[in-house]
Amino acid sequence: MTSPQRQQTMHGSAQTALYIEDLTVEFDGFRAVDELTLLVDYGGIHGIIGPNGAGKTTVMDVITGVTKPRAGTVLLDRTHDVIGMHLSDRAAHGIGRKFQKPSVFEHLTVRENIALGVREYPDSLLREVLRGGGPAKRARVDEVLDTIALAAVADAEAGTLAHGQKQWLEIGMVLARDPRVLMLDEPVAGMSNTEREATAELLQRLRSPERAILLVEHDMQFVGQVSDRVSVMHEGKLLADGTMDQVTSDPEVVRVYLGR
Amino acid sequence: MMTAFVHSISGEGPRDRAYLAVVMLLVLVVFAVPLLGLSPLASTPLGLDGYQVNLIGQVMAFALLALSLDLVWGYAGYLSLGHGLFFAIGGYLVGMHMIKLAYVGQSGVPTFLNYMGLSEFPFYWSGMEHFWVALLGALLLTALVSFVIGFLAFRSRVVGVYFAILSQAFVYVAMLIMSRNDTGFGGNNGITGFQSLFGVPLSAIESKVWLATASALVTLLTLILLRRLTRGPVGKLLVGVRDDEDRLRVLGYETLWLKIAVWCGSGLLAAIAGMLYVPQVQVASPQLLSPMLSIEIAVWVAIGGRGYLYGAIIGAILVNILKFWLTRFMPELWPFILSGAVLLVVVVLRNGLMDPGPTFRFLFESVRRQKVAGKGEGA
Ligand SMILES: Nc1ncnc2c1ncn2[C@@H]1O[C@H](COP(=O)(O)OP(=O)(O)OP(=O)(O)O)[C@@H](O)[C@H]1O
Ligand SMILES: [Mg+2]
């Protein structure tokens, strides 16, 4: 199942979406991320694997602005300094993220959750509140509902959804703004095989030459199935980088995974 | 008001019916108080005496105060144990207005200013004889104070119990300051000796009736307004802040300004409640700033149920009527009853009377099922 985008990425002609250099994050002296350098390209799905506590989530925290790094650079399109940006500017620049713990607003309906992801007036919250909510927004919400296949439960409270549906809903919220960098932290955790298949198909549909998808996932088979490139993290460092076959035959990677 | 009314009928459900019932109750109070409190009906067996009218008026002011707290606690998820601060700002300023009014065309100052060696009103009393100056002053001061507190707390991301403690600290400090005689507001006794408001003597039944009616009307209008606000986009964002603020921030929402705006709006409503309350009790004292009162506001909302608006009103009405009744006949029992009610809410009910949780759900459900069966409606 080699898609054209995949070919492009493999030959290195794709553009860099995220340029991460020497990124270091410390928590009370403990290095959760240790001088990590990583390039994420447009047009593909970039998997990140690694044992528990490797620092995968922390990298996403830094990119979205939830955590401040100690040192390092994160550039978007090799021009915008992401770390210096305000959280809302990062979202406006197209950085979107699904959290590891499914984070949907349980007391709002599915439709209302997705509507929160759509911004008609990205630079003014006041105008969004006063004038947002027109037909354009509703149309976008319907579009997303179709993409994530939750149109049938559009008016249900998000808290009543099954675990897998919540994961899709959160992807939908992030998708609503058509992100250029889509980060997914363990999207298939806790899913049945059928749900995994559906998620794999969803990810294939989300591929676009204008989008970079960063996927953190423990399910190796899933990562291998959807990713063009895989990076392996261990103790905050990059251990290996390449196709799934390349990294899984790397002796260091084998040692880390078996020596756990 | 009528359109808002019709608007709210369109969505049918137990929650909408409860909202409607509370709206009806407030409408009833707005009409019944002047009708039964003034002649000719006042002297009939149906009539209300001055004490009853006054009680209704105070309870209505408390209901407004509870509404203001529910907005920040029930929706944005920030428990304030310091709302008495804004309540007191409104209360003291309307008190200053009434005192100044009593001294118009007279020389001399109230005793509490005499005590400070003053023979004239200090500069910050100027213009206070005009109601609009006091109103504007109360709103501006509340906006300023709530902005400073909100900005400090929300920018440093103070949440949960720390926010509650911080807000309580502010009200406590304010109480200490206002309790001092040399602050110039009558110390522990506060300011009192009011005579009239809008030209009506406070001792007259008319002033009691109109103050109670105004309190009920403002509470009614605020309920309708907040209902619209919380069901619209602002309400969705507030629920977002309450349930998962980081999720909302990473979606690109600047929650800081949203929280500050709602916090200040809530403070302003509490100040208006204070302006309605003080002319009815005829004293503005540091009691308004006592940490106990601020905690009690939270108790009313907790007992009624957070996050429904009408729940806060029901909680305020029930607890305060019970309190009035008990403190009249067996005052020594009140603290125990209040603590018991709090325990009941915390331990047994999930979210106050409006959402009692699984333990009580079956009771309500069976009652509802009977009703539905009786009417022959579908679910
Ligand atoms: N806020 C924090 N404070 C202190 N330590 C933290 C914090 N966040 C993460 N850590 C630590 O940093 C390390 C990396 O955590 P991280 O969540 O990034 O790992 P991960 O690769 O996502 O792991 P998992 O696969 O279990 O999700 C862990 O040891 C974790 O305990
Ligand atoms: Mg993680």
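The shown structure was predicted, so the numbers you read here are calculated from the model rather than taken from an experiment. The analysis underlying the following values was restricted to heavy atoms, covering all of them including side chains, and did not include hydrogens, waters or symmetry mates.
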For this session: May I ask you to decide if the ring planes of B:F163 and B:Y78 are parallel, tilted or perpendicular, using 30° and 60° as cut-offs?
Result: perpendicular

Seminar exercise, completed: Turns out that what part of A:V129 lies under 4.5 Å from chain B's heavy atoms comes down to both

Exercise. Do we see a donor-acceptor contact under 3.5 Å between the side chains of B:D70 and B:Y308?
Worked result: no

Exercise. Heavy-atom count around B:Y162 OH within 6.0 Å, excluding the residue itself: above 12?
Worked result: no

For this session: Using atom types as modelled and distance alone, determine if a side-chain donor or acceptor of A:E217 lies under 3.5 Å from a backbone N or O of A:V188.
Result: yes

Problem set entry | Residues of residues 240-267 of chain B near chain A, each having a heavy atom less than 4.5 Å away | B:G240, B:R242, B:D243, B:D244, B:D246, B:R247, B:L248, B:R249, B:V250, B:L251, B:G252, B:Y253, B:E254, B:L258

Exercise. What part of A:L116 is in contact with chain B, defined as an atom under 4.5 angstrom from a non-hydrogen atom: side chain, backbone, both or neither?
Worked result: both

For this session: Test A:L23 against every option in A:I63, A:T58, A:V74 by the side-chain contact (heavy atoms from CB on, under 4.5 Å) rule and name the one that passes.
Result: A:V74

Problem set entry | A:F105 versus chain B, the contacting section by heavy-atom distance below 4.5 Å | side chain

For this session: Evaluate whether atom NE2 of A:H86 has more than 12 neighbouring non-hydrogen atoms of other residues, nucleotides or ligands under 6.0 angstrom away.
Result: no

Seminar exercise, completed: Bottom line for A:R90: the part with an atom under 4.5 Å from chain B's heavy atoms is neither

Exercise. Roughly how far apart are A:K98 NZ and A:Q167 CD, rounded to 0.5 Å?
Worked result: 3.5 Å

Problem set entry | Identified side-chain contact (heavy atoms from CB on, under 4.5 Å) partner of B:W300 from the options B:L69, B:I314, B:V319 | B:V319

